[in-house]
Amino acid sequence: MPSPRTRSSTPCLLLVASLSCSGANGSGDADAGTAASDASSGGDPGTPTTGGTGPGTTGGVTTTSSSDSDGTSAGSTGETGTEETGTEETGGAGPGPSCSGVPPADFDPLAGGLTPPLRATIVVTSAADDGPGSLRAAVQEAPADAVIGFDPALAGQTIAFASTIELDRSVTIDGGAAPGLTLDGGDAVRLFLGNNEQPRRFAFFGLRMIAGRTEGSGGALSFNGEHLEVEVGGCYFAGNKSSEGGAIRVGYLHESTTYIHDSTFVGNLGEEGSTGFSGGAISATGTNLHVARCRFVDNVGMPSGAVYAIHAQPLIEDSVFIHNVSHNGAGALFVDGGGPGDNNNVTDVPGRIEVLRARFEDNAGAAANGGAALLWGYPMDNITVEDTLLARNVVEMGSGGGPQGGGMKVHIEAVENGGQRFRAARVAFVDNISRNQGGGLWLDGSGDVELENVLFSGNLAEGDRGGGATFNQAASARVTVTHATFVNNVGGVACGAFWLNSDTADITFRNSIIAFNDGVNPWERQFGYPPKDGGANIQWPAPDGGSASLGQALQLDPLLGPATEQDGTVVRPLLAGSPATDAASLPAPETDARGAPRNGPPDIGAYEYGPGCGSGDAG
């Protein structure tokens with residue numbers, strides 16, 4: 001079988017909008033824009049209410065934002081889902097090279113090109129839906145494991161599907177030789193369907209798939225069965241609609257793998273008679289799901305605006321989620337269990353949920369599901385989030401419980417002596433809003449929690465407590481917070497920095513800053529029940545009257561600068577003369593929240609004063 005495709009420095013083979021590599025005139029763009037507009041108008045994603053520059057006194061991030069004030073993502077045309085431009089000369093950069101690893105807001109997966117097209121077994125020569133030389137005829141004639149390619153003369157042309165193409169044997173469909181080739185469902189039919197009980201490999205490269213529609217699953221691509229291998233790379237999906245997975249659905253795939261990479265999803269809708277197991281772009285059940293270097297903008301679904309994964313052991317990395325919406329779920333990413341199984345089978349096999357090097361901005365969720373993401377682990381699951389930015393996301397009111405986690409909600413369970421944990425490292429929660437609890441982060445469950453090099457800045461819990469974070473852990477859970485900065489967060493009732501559910505909670509803060517957070521209750525302005533003091537913390541302003549105090553924390557102004565994007569993520573830098581400089585206890589992580597090295601005696605908080613990542617004096 002063909003090996004997986006990877007990115008390279010090869011000149012662009014597939015571009016959106018301009019199609020400059022092939023010299024095509026981009027005639028297919030209007031179709032994609034129209035289809036995506038239909039999806040957006042049908043789902044009415046709306047604009048997340050972010051309250052302008054966010055709560056608190058941060059004044060918002062001081063550098064260029066990825067979104068305009070109306071919630072429209074950079075490089076897009078907003079709710080219409082019209083294609084984002086990207087040319088060989090001016091296309092968005094790939095993830096990096098910032099040391100934080102967080103992809104830039106304008107990251108364009110299609111700008112860098114793919115490896116050259118595979119050697120085709122069969123070449124499609126006609127843009128007709130059927131007949132000699134057509135794609136449909138090629139699929140019908142192809143032997144198992146065939147590679148179907150396209151004549152370069154089809155670059156920029158559109159194949160309008162009259163009905164779904166069904167796949168009953170392993171096949172690779174590679175559009176790399178015909179840049180800009182569009183497969184169009186006309187807002188009436190699904191594009192491809194594969195239902196198989198035998199081992200199969202289905203792969204799609206370098207294609208634009210638009211306006212696929214079905215009341216079933218997967219508006220563009222739908223796969224069901226066991227022992228399947230699905231790969232999608234270098235593709236563009238716009239305006240596809242279904243009840244499960246607006247663009248792609250892979251379902252009930254025992255011992256199967258799904259790898260989706262270097263692709264863009266714009267304006268797809270996963271709410272067509274939604275079953276409640278849908279993502280606006282992708283829905284995955286029971287498969288090993290790997291999403292890498294992808295962009296998700298203006299997708300709408302329930303219970304996830306962009307990606308839904310149930311017992312899919314998901315790995316999400318180097319990807320961007322902007323202005324995705326769920327009217328009663330998580331705005332961008334909903335994960336229900338990290339172990340193998342299906343939607344009715346929670347196994348005792350160890351599982352994992354990983355989100356690495358990701359950006360979530362201006363997404364909107366509802367109810368107890370998280371503005372950007374809900375990560376729900378079962379016993380035996382471990383959850384990891386690293387090198388990630390969550391900014392200006394909001395969780396609104398909805399059915400099924402009050403809003404929790406404006407940025408993210410995490411549930412982590414543990415078995416006795418199992419060591420299950422949630423770990424977040426080098427993560428920034430900035431200007432997120434919960435209409436109820438946990439403005440930045442909402443945590444619960446019996447598993448242990450490790451927060452390291454994390455920033456909570458300008459988050460709001462509008463109707464309750466925990467402006468920065470809510471810790472609702474079981475008594476058996478152990479929580480450690482090291483090198484964190486909680487600043488300018490607001491609790492609408494109390495506990496601007498964070499809320500703990502018990503005065504006996506096993507929660508320890510070390511080398512952390514808690515400053516200028518606010519809540520209405522004067523005795524709980526920053527927090528109510530105090531956590532354990534692990535040493536070298538700063539609390540400011542100093543507690544007065546009966547307000548809570550963090551042990552022996554230094555009561556000094558930490559001298560923090562405004563929120564600014566630096567080295568790929570958002571920071572609250574230490575200013576010259578800050579008492580946090582060189583004042584942390586050992587041990588300390590090797591880097592700060594940006595991934596910049598900690599130099600000499602480490603500093604308190606998420607930021608290390610001094611040279612950043614080759615950008616001069618970060619202070």
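For this chain, numbers begin at 1 and follow the sequence in order.
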Quick one: CD on Gln404 to CG on Asp464, what's the gap to the nearest 0.5 Å?
10.0 Å

Check the pair Phe204, Phe192 against ring-ring contact (aromatic ring centres under 6.0 Å, His included), reporting the backbone distance first and the verdict last.
CA-CA 11 Å; Phe204 298 82; Phe192 295 96; 5.1 Å; yes

Salt bridge flag under 4.0 Å for residues Asp318 and Arg293
no

Quick one: closest heavy-atom pair of Gly337 and Tyr378, and the distance?
CA-CD1, 3.4 Å

Using side chain to side chain contact (heavy atoms under 4.5 Å, CB included), reason through Ser263 and Cys294 one step at a time and then give a plain yes or no.
CA-CA 5 Å; Ser263 296; Cys294 289; 4.2 Å; yes

Do Thr287 and Thr285 have side-chain heavy atoms sitting under 4.5 Å apart?
no

Min side-chain heavy-atom separation Val449-Gln473 under 4.5 Å
yes

Sub-3.5 Å donor-acceptor pair from the side chain of Asn324 to the main-chain atoms of Asn299, do we have one?
yes

Is the shortest side-chain heavy-atom distance between Glu317 and Glu354 below 4.5 Å?
no

Heavy atoms, side chains only, cut-off 4.5 Å: are Ile322 and Phe296 in contact?
no

Of all heavy-atom pairs linking Asn459 and Gly439, the shortest is CB-C, 3.8 Å

Are Phe205 and Ile173 packed together at the side-chain level, in the sense that at least one heavy-atom pair is separated by less than 4.5 angstrom?
no

Tightest non-hydrogen contact, residues Asn393 and Gly406, listed as CB-O, 3.4 Å

Ignoring hydrogens and geometry, is there a side-chain-to-backbone donor-acceptor pair from Asn240 to Met209 under 3.5 Å?
yes

Nearest 0.5 angstrom please: Asp444 CG to Asn472 CG, how far?
5.5 Å

Is any side-chain N of the basic residue among Asp387 and Arg357 closer than 4.0 Å to the acidic one's carboxylate O?
no

Any side-chain donor-acceptor pair under 3.5 Å between Asn288 and Tyr259?
no

Verify side chain to side chain contact (heavy atoms under 4.5 Å, CB included) between Leu389 and Val570, making sure each step is shown before the conclusion.
CA-CA 7 Å; Leu389 171 64; Val570 175; 3.8 Å; yes

Looking at Lys241 and Asp187, is any side-chain nitrogen of the basic one under 4.0 Å from a carboxylate oxygen of the acidic one?
yes

Please table the atom pairs, donor to acceptor, closer than 3.5 Å between any side-chain atom in residues 366-376 and protein atoms at least two apart or in another chain.
from	atom 1	to	atom 2	distance (Å)
Asn369	ND2	Ala366	O	2.8

Test ring pair (Phe, Tyr, Trp, His ring centres under 6.0 Å), reference Phe321, set Phe265, Phe334, Phe360, Phe107, output is Phe360

Regarding Asn224 and Arg249, do their side chains bring together a donor and an acceptor under 3.5 Å, going by distance alone?
yes

Could you check if a side-chain atom of Thr388 sits within less than 4.5 angstrom of a side-chain atom of Leu356, using non-hydrogen atoms only?
no

All heavy atoms of Phe429 vs all of Gly440, minimum pair found to be CD2-O, 3.3 Å

Does any N or O in the side chain of Thr164 come within less than 3.5 Å of the main-chain N or O of Arg190, such that one atom is a donor and the other an acceptor?
yes

Check the side chains of Arg572 and Ser457 for a donor-acceptor pair under 3.5 angstrom, ignoring hydrogens and angles.
yes

Is a side-chain N or O of Ser304 found less than 3.5 angstrom from the main chain of Gly279, in a donor-acceptor match?
no

Could you check His327 against Met302 for side chain to side chain contact (heavy atoms under 4.5 Å, CB included), going step by step and ending with a plain yes or no?
CA-CA 7 Å; His327 297 112; Met302 204 286 286; 5.8 Å; no

Roughly how far, to the nearest 0.5 Å, is OG1 of Thr214 from CG of Leu191?
10.5 Å

Trace of the side chain to side chain contact (heavy atoms under 4.5 Å, CB included) decision for Phe223 with Thr258:
CA-CA 10 Å; Phe223 303 103; Thr258 300; over 6 Å; no

Which residues satisfy the ring-ring contact (aromatic ring centres under 6.0 Å, His included) test with Phe471, sequence neighbours excluded?
none

Does Ala160 offer a backbone N or O that forms a donor-acceptor pair with the side chain of Thr158 under 3.5 Å?
no

Pairing donors with acceptors under 3.5 angstrom, does anything connect the side chains of Ser399 and Asn328?
yes

Looking just at side-chain N and O atoms, do Trp442 and Gln437 make a donor-acceptor pair shorter than 3.5 Å?
yes

In Å, rounded to the nearest 0.5 Å, how long is the span from CD1 of Ile412 to CZ of Arg421?
10.0 Å

Is it the case that the side chain of Ser326 and the backbone of Gly301 share a donor-acceptor pair, with hydrogens and angles ignored and the cut-off at 3.5 Å?
yes

Is it true that the side chains of Ser217 and Ser222 contain a donor and an acceptor less than 3.5 Å apart?
yes

Looking only at heavy atoms, the pair that brings Val571 and Arg594 closest together is CG1-CG, 3.5 Å

Report yes or no: does Arg352 contribute a side-chain atom to a donor-acceptor pair with the main-chain N or O of Asp381 at less than 3.5 Å?
no

Could you verify whether a donor N or O on one side chain and an acceptor N or O on the other, from His261 and Glu231, lie under 3.5 Å apart?
yes

Got a donor-acceptor contact below 3.5 angstrom from the Asp262 side chain to the Ala292 backbone?
no

Distance (rounded to the nearest 0.5 Å) between Leu441 CG and Phe422 CZ
6.0 Å

If you take all heavy atoms of Arg392 and Asn432, which pair is closest and at what distance?
N-OD1, 3.4 Å

side-chain hydrogen bond (donor to acceptor under 3.5 Å, both in side chains) partners of Glu413, counting only residues at least two apart:
His411, Ser446

Between Val307 and Leu289, is there a side-chain heavy-atom distance shorter than 4.5 Å?
yes

Checking Ser243 side chain against Gly216 main chain: does a donor-acceptor pair fall under 3.5 Å?
yes

Could you grab the distance from atom CG of Asn453 to atom OG of Ser100, nearest 0.5 Å is fine?
12.0 Å

Find out whether Tyr308 and Ser278 are in side-chain contact, i.e. whether some heavy atom of one side chain is under 4.5 Å from a heavy atom of the other.
no

